[in-house]
Structures are given as C-alpha cells and as structure tokens.
Protein chains: 2
Amino acid sequence: MSFEYEFPRAALTVDCVIFGIDEGDLKLMLIQRNLEPFKGEWALAGGFVRLDETTEEAALRELEEETGLKKVFLEQLYTFSALNRDPRERVVSVAYYALVRMSDHQVFASTDADDAAWFEVDAHPKLAFDHQNIVDMALDRLKNTLRYRPIGFELLPKKFTLSELQHLYEVILETKLDKRNFRRRVLKTGLVVETGDVQKDVAHRAAQLFSFDKKRYEKLKRDGFNFEV
Amino acid sequence: MSFEYEFPRAALTVDCVIFGIDEGDLKLMLIQRNLEPFKGEWALAGGFVRLDETTEEAALRELEEETGLKKVFLEQLYTFSALNRDPRERVVSVAYYALVRMSDHQVFASTDADDAAWFEVDAHPKLAFDHQNIVDMALDRLKNTLRYRPIGFELLPKKFTLSELQHLYEVILETKLDKRNFRRRVLKTGLVVETGDVQKDVAHRAAQLFSFDKKRYEKLKRDGFNFEV
DNA sequence: TTGACTTTGTGTCAATATGACACTTATCAT
DNA sequence: ATGATAAGTGTCATATTGACACAAAGTCAA
C-alpha cells in the first residue's frame, strides 16, 4: 500500500545558536550569508535537512561546513514553524544550541558562508529571518540550564580557575555573585576538583587550576541529585 | 529568483502526549489507529502538519479531531527525526505534551480514530511507531517541569484540596511527601489560595477547597521568581 | 446517641543552608 | 622595596528544611 501522494511536505532546516566565552564575555557565532535571501546579512549557521540524515546530523554538518566547528555538544532547543519565517516558502526549522570552548576551536568561514565570526551576545548585527527569536530563546534556555545543571564547563578550557568559572556564571546569569559563597557552593558539589596546577604568566598571585569531574557528575546524575548553583 | 526546486522536503507530523489525573493515578490518552500503518494499534494522537498551519495549530487540531479535547495546555516537547521512525517514508515529528483536567473534558473517538481512551501511564498497550520513546521523554519533562514550575494545577479541577495536590505531586514525582511540610511550602508561594468552599459528600471531615492564583503567578513570573516544590 | 472510622489540619525543634561581610597572601612589574 | 592586582579564606545571624504525632471534624452504622 502506498501513501506517498497524500502527505504534505515542508522544507525543513536546522539553525544553530553557538555560544562561547572569551575574556569573560558571552559570545555568539554568526555567519554571513552568501546566498539569497538575506545575502550579505548575518544569521545563525544552518541549512536544509537532507532526507537521509537526522536533524542533529544536519546541524553538525552545517556547522562544520559553515564555520569549521566540529564535534560540538549540541542540544535541541525548539522547533520554529511560523508560516512567514522564511520569505521563500513555508520552512520549518529545528533549532539547536551549543556551548563551545573558544580556546579549543578554530573558526573560519568556508565555502558555504562569506564569513563566520564571534560577536558579543548583546552587541551583534541584526539577524536574518526570525533568528533573533531563536537567539532569545536560546539565551533563556542557557540561563535556566546553567542554574540547574553544571554546563558551564563546556564553555571553559579543561583547566580553569574558580574566578573564571564565577565570571562565567555572572555573565550568563547577569548577576554579581559573592566570591566566598560561590566557591563554597561549587566545591561542595564535589564536581570541581583541584588539578594541582596553577596559572602561569599572570601579573598577580597565580590561581589554582580546577577541572570538572565528569565521572562524578555522571554518577551523581544517575543517583538523581540536583546541582543548583 | 526562485529556489523551490532545490529544497529537500520531508513529511512533517505532530504527536501529542496527553496526561490526565484520575483518582490519583496518572493517565495517558491514546487513540486506536484506523489507518495503516499500525492499523488497530494504540498510538499517540497526531497527524500531518498542513502547509498553512504551525505545528502547534496542527497539534491542537489533531487532538480535537481524534479525541474531542479542546483548548488544552500544550507545550512543545521535542522533535524526533530518526530515519526509520515511520515505515512508510522519512517522517519528522514534532512532539507536544499536554496536561488536562479529566473532569473538564469529555473524550470520544471521532472519525479519525477507532477509539480514544485513557490508560494508566505504567500499564498501557504497546505503542505504534517510536511513540514509547516520546512518552518516556514526556514523562521526564513532566517531572522536571513540575519540580520547578507550578503546572500541577492544569491537571486538577479548578477547586481542589491540598491533599489532592499533594497526591498529584506524589504520583508524578514518584515520592512520598510529608503532609505538613508540603502544605507549608505550597502556601508560602502564595499561589494557592483558599476559596472558602469545602468538599461535599465525603464520608469524613470535609477539606477546604483551594484554587490557583494565576494572576499572582504571572506577576511573580515576570519578576523572575522561582517556584520549587 | 454513641462509637467506630476516616481524613483534615496543625507546631516544634534540631540540623542545615544561605547570604552578608573584609582582610591577608602571593606574585609580578617598576 | 613598593605598588598593583587578583587569590584565597571564616564567621555569624538568619532562613530553610526535614522529621515527627495527635486532636478535631464529619460520616456512618448499630
């Protein structure tokens, strides 16, 4: 029995909101479009989903094609289906977001985009399509997720100081935190452990370097713990 | 300039995980399919998204067509895009979940389904497609959301006793809660207010009836409060 | 009407968690 | 040596949590 003729079919895209941290500022990766519509304007990395790949595979592929980013940790954000979100025709888009350590990733424009670059989250160019909506939702999600799950480590180098971690929380949550209370809470979780190393080449007392104990995290998560910070 | 010819297009569906509470048990609304594939088997309500409606509109429409449920509280859950999730062809599905007051809603099978009925969440028939995956994710989401947002009220009648509310939390979170501590916490939020009415026709001391203060909730939400219970 | 039954409704206390708060230490640059 | 900069550290008062048990209210049946 065949049904093909009766299904409505929609063009399906993915869009990727990529966050990074640099010198304490939250950054957003954008690409400059080299095709119509919105040619020359800045937008989220993304593109059409092929019929032989999942949306997640499509997001990873487009990300690599347009920015050179590989193997990033992506989470699905939301599916946007407003009728007029693409001027060409009805296009439904599955949005993903990711946190990357800027230090680990070289970013470059490739053939699919005129340019790819990091921007300040609160000072970036006007975005094509409904991409500002998508970024807004990703920011909300990022804040909420950071509050309840230890994801900040994805944005920092493998070894980091507690001040860097605190700064990250302050930037994302848009609050000022007390240093002593922050350290107390973070260390109490047991998820952040001293590496024994210290900072190098700083013009002041060198800070201890810590790392995230992923094994312990997996174990606690299985046991159903909570991780508010 | 026209691009239509170059877009891959996928069949797009919605699926709805509908939760209800009845006599303290968490229930799931399922429909019995009257079309191939999986004809005669139980599945989530859902169907194809038309090109002139958003996915949310499609979910509400299918829900009404298949079960008679109207104006339910729907939230987007996740988009499922595994290549083999539909035996006919590549179909991507946007899943929603909903909470309904069983007391407010008559459920009936309509022309689009052979039957529609409530089942115990942990004792329901085997589901068609990948719908068990979707239900599992919806249950996880329900638990997490209930912990941080006051959504339990969507499942109860407008006026409810604190024992009913506590029972709902116990059933969904699969824990036993202390009555006095639960009442203290719930009342402290100020979101649950006495109506002045009491239970009728019960063979024991009648409980006070409370209701959810939606206005206060909207206000507190704007002010950025948290609502853990 | 009395007693049995069922569920409601309530307070305390100890332990823990939180939030506010300031100074000394280490390191580098001059 | 001195100054500049950021690291690192403890206390205390208050708020929150979790554990815990019994009297009051209402219905029903004998």
Side-chain angles (χ1 to χ4, degrees), chain A residues 21-25 146-148 150 156-157 159-171 173-211 220 223-229, chain B residues 21 23-25 146-148 150 156-157 159-171 173-211 220 224-229:
Chain A
I21 282 267
D22 182 38
E23 287 169 17
D25 290 313
L146 186 69
R147 219 184 290 279
Y148 299 117
L156 292 174
K159 295 181 176 184
F160 50 85
T161 70
L162 291 185
S163 292
E164 287 168 342
L165 185 63
Q166 179 179 344
H167 196 184
L168 183 152
Y169 274 80
E170 289 177 339
V171 167
L173 300 179
E174 295 177 281
T175 53
K176 194 94 188 79
L177 299 170
D178 180 87
K179 181 159 62 159
R180 282 174 287 194
N181 295 342
F182 180 79
R183 294 163 93 91
R184 177 174 60 193
R185 288 223 289 238
V186 167
L187 294 176
K188 185 161 57 81
T189 67
L191 297 174
V192 172
V193 294
E194 277 199 42
T195 62
D197 298 354
V198 296
Q199 265 182 328
K200 277 300 204 181
D201 300 318
V202 287
H204 52 78
R205 176 172 177 180
Q208 297 291 321
L209 291 171
F210 291 78
S211 65
L220 290 181
D223 297 347
F225 280 72
N226 264 13
F227 305 100
E228 287 183 52
V229 176
Chain B
I21 282 267
E23 289 168 18
D25 290 313
L146 186 69
R147 220 184 289 276
Y148 300 117
L156 292 175
K159 295 181 177 187
F160 50 85
T161 70
L162 291 185
S163 292
E164 286 167 345
L165 184 63
Q166 178 178 347
H167 196 183
L168 182 152
Y169 273 80
E170 288 178 337
V171 167
L173 300 179
E174 295 176 283
T175 54
K176 194 97 187 75
L177 300 170
D178 179 87
K179 180 160 60 161
R180 281 175 289 192
N181 295 342
F182 180 80
R183 294 163 94 90
R184 177 174 62 194
R185 289 222 290 239
V186 167
L187 293 176
K188 184 161 56 82
T189 66
L191 297 174
V192 172
V193 294
E194 278 200 40
T195 61
D197 298 355
V198 295
Q199 266 181 327
K200 277 299 207 182
D201 301 319
V202 286
H204 53 77
R205 176 174 176 179
Q208 297 292 319
L209 291 172
F210 291 78
S211 65
L220 290 181
F225 279 73
N226 264 12
F227 305 100
E228 287 183 51
V229 176

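To find a chain, count down the sequence lines: A is the first, B the second, and so on, and within it residues start at 1.
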Point to revise | Those residues that, when tested against A/F160, pass ring pair (Phe, Tyr, Trp, His ring centres under 6.0 Å) (two or more places apart) | key: A/F153
Review point. On DNA chain C, which is the earliest and which the latest nucleotide, 5' to 3', with an atom closer than 4.0 Å to a heavy atom of chain B?
Key: C/dT6 to C/dT12
Point to revise | Inter-residue atom distance A/D25.CG - A/L168.CG, 0.5 Å rounding | key: 11.0 Å
Point to revise | A/L177 CG to A/Q166 CD distance, which is reported to the nearest 0.5 Å | key: 5.5 Å
**Study point:** Within residues 181-193 of chain B, residues whose heavy atoms come under 4.0 Å of DNA chain C
**Key:** B/R183, B/R184
Revision key, fill the gap. In numerical order, the residues of residues 159-169 of chain A whose heavy atoms come under 4.0 Å of DNA chain C are none
What is the minimum heavy-atom distance between [X] and [Y], and which atoms define it?
{"X": "B/Q208", "Y": "B/E194", "value": "OE1-OE1, 3.3 Å"}
{"X": "A/V186", "Y": "A/T189", "value": "O-OG1, 2.6 Å"}
{"X": "B/R205", "Y": "B/V202", "value": "O-CG2, 4.4 Å"}

Review point. Does anyone know the first and last nucleotide of DNA chain D in reach of chain B, 5' to 3', at under 4.0 angstrom to a heavy atom?
Key: D/dT17 to D/dT27
Restricting to side-chain hydrogen bond (donor to acceptor under 3.5 Å, both in side chains), what partner residues turn up for [X], sequence neighbours left out?
{"X": "B/D197", "value": "B/K159"}
{"X": "B/D201", "value": "none"}
{"X": "A/E228", "value": "none"}
{"X": "A/E174", "value": "A/K143"}

Check your understanding: Under the salt bridge (charged side-chain N to carboxylate O under 4.0 Å, His left out) rule, what pairs show up with a residue in residues 180-191 of chain B, not counting sequence neighbours?
Key -> none
Review point. What are the residues of residues 194-205 of chain A, sorted by number, that bring a heavy atom to within less than 4.0 Å of DNA chain D?
Key: A/H204, A/R205
Exercise for review: Using the side chain to side chain contact (heavy atoms under 4.5 Å, CB included) rule, take A/Y169 and A/F182 through it: C-alpha gap first, then chi angles, then the decisive distance, then the call.
Suggested key: CA-CA 10 Å; A/Y169 274 80; A/F182 180 79; 3.9 Å; yes
Exercise for review: Using a 4.5 Å cut-off on heavy atoms from C-beta on, say whether the side chain of A/F210 contacts that of A/L162.
Suggested key: yes
Point to revise | A/D178 side chain vs A/N181 backbone, donor-acceptor pair below 3.5 Å | key: yes
Review point. So which one's nearest nucleotide on DNA chain C is more toward 5', B/K179 or A/A206?
Key: B/K179
Check your understanding: Excluding sequence neighbours, so at least two apart, what forms side-chain contact (heavy atoms from CB on, under 4.5 Å) with A/S211?
Key -> A/V193, A/T195
